[in-house]
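To keep things clear, I will list the structure first and then write my remarks on it.
This is a predicted model, so every value here is computed, not measured.
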Amino acid sequence: RRELDESGDGKPDAFEQYAAGRMIAREVDRDANGARDAFYRFDAGSLLEERHDADGDGRTELTIVYENRVRVRTEEDQNKDGRPDVWTYYAREASGTEYVTRIERDKGGEGKPDSFETFAQQDGKTVLVRREEDANGDGTIDITSVYENGKLKTREVSDPALIPL
């Protein structure tokens, strides 16, 4: 274990754990209030996960997950109820440019996604190609919207009770 004073104020603000000579965890007090608010987990020298408590309430609002040193997913607690409500998935082009492939949202507040947006790369830009929604919370997709060049092309509503939208 190591405790570091990276801000130079005489108090430790970074806390590292090691195993077999490699860092396995790092926690940081970024705002110098005495509470750790950034948490990093490593394996074999690679960052696996980082978690952030942006508002100092003791709960992480953002988790970033990595695989093979590349960000693959983020989980956000935007409504601050203690559980994720937005999941964003990433991919990389052959050039190494990262882009969003999918965003899932929990609009109903049940702790599971009920809205799914799929994205694709077109002419170097990330564009929405499909949105699926479980609007009535029954666990099945009720509304499917298909986009072309980022604009709505078709919308299918499978539950007549949802019309008009």
Under the 3.5 angstrom rule, does the side chain of [X] hit a backbone N or O of [Y] as a donor-acceptor pair?
X: Asn136; Y: Asp138; result: yes
X: Asp5; Y: Pro12; result: no
X: Asp142; Y: Ser158; result: no
X: Asp85; Y: Arg105; result: no
X: Asp43; Y: Leu47; result: no
X: Asp134; Y: Ile141; result: no

When rounded to the nearest 0.5 angstrom, what is the spacing between [atom1] in [X] and [atom2] in [Y]?
X: Arg41; Y: Glu27; atom1: CZ; atom2: CD; result: 12.0 Å
X: Arg22; Y: Ser46; atom1: CZ; atom2: OG; result: 8.0 Å
X: Leu128; Y: Glu117; atom1: CG; atom2: CD; result: 5.5 Å
X: Ile103; Y: Thr118; atom1: CD1; atom2: OG1; result: 10.0 Å

Between [X] and [Y], does at least one N-O distance fall below 4.0 Å, as a salt bridge requires?
X: Arg30; Y: Asp37; answer: yes
X: Lys80; Y: Asp55; answer: yes
X: Glu61; Y: Arg59; answer: no
X: Arg26; Y: Glu6; answer: yes

Quick check: closest heavy atoms across [X] and [Y], and the distance to 0.1 Å?
X: Lys107; Y: Asp114; result: N-OD1, 2.8 Å
X: Ile24; Y: Ala19; result: CG2-CB, 3.9 Å
X: Phe42; Y: Met23; result: CB-O, 3.2 Å
X: Gly82; Y: Asp77; result: N-OD2, 2.7 Å
X: Asp29; Y: Gly34; result: OD2-N, 2.7 Å
X: Tyr99; Y: Arg92; result: CE2-C, 4.0 Å

Does a side-chain heavy-atom distance below 4.5 Å link [X] with [Y]?
X: Arg131; Y: Tyr147; answer: yes
X: Pro113; Y: Asp106; answer: no
X: Gln122; Y: Val129; answer: yes
X: Val100; Y: Tyr90; answer: yes
X: Glu133; Y: Phe116; answer: no
X: Glu49; Y: Tyr40; answer: no
X: Arg2; Y: Gln17; answer: no

For this session: Answer yes if Val86 and Phe119 sit in the same cluster of Ile, Leu, Val, Met, Phe, Trp and Tyr residues linked by side chain heavy atoms under 4.5 Å apart, and no otherwise.
Result: yes

For this session: Examine Val28 and Ile64 and state if one hydrophobic cluster contains both, with Ile, Leu, Val, Met, Phe, Trp and Tyr joined whenever side-chain heavy atoms are less than 4.5 Å apart.
Result: yes

Exercise. Do other residues, nucleotides or ligands put more than 12 heavy atoms under 6.0 Å from Arg83 CZ?
Worked result: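 Yes, the 6.0 Å shell around CZ holds more than 12 heavy atoms from other groups.
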
Problem set entry | CD/Glu93: more than 12 non-hydrogen atoms of other groups inside 6.0 Å | yes

Problem set entry | Glu76: side-chain hydrogen bond (donor to acceptor under 3.5 Å, both in side chains) partners, not counting sequence neighbours |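 Glu76: side-chain hydrogen bond (donor to acceptor under 3.5 Å, both in side chains) contacts with Gln78.
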
For this session: Please name all residues satisfying side-chain hydrogen bond (donor to acceptor under 3.5 Å, both in side chains) with Thr126, sequence neighbours left out, ordered by chain then number.
Result: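 Partners of Thr126 by the side-chain hydrogen bond (donor to acceptor under 3.5 Å, both in side chains) criterion, ordered by chain and then number, come out as Gln121.
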
Problem set entry | Qualifying residue for side chain to side chain donor-acceptor pair (under 3.5 Å) with Tyr66, from Arg73, Glu50, Arg71 |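 Among Arg73, Glu50, Arg71, the one that satisfies the side chain to side chain donor-acceptor pair (under 3.5 Å) with Tyr66 is Glu50.
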
[X] and [Y]: side-chain donor and acceptor closer than 3.5 Å?
X: Arg155; Y: Ser145; result: yes
X: Arg1; Y: Tyr18; result: no
X: Asp53; Y: Thr60; result: no

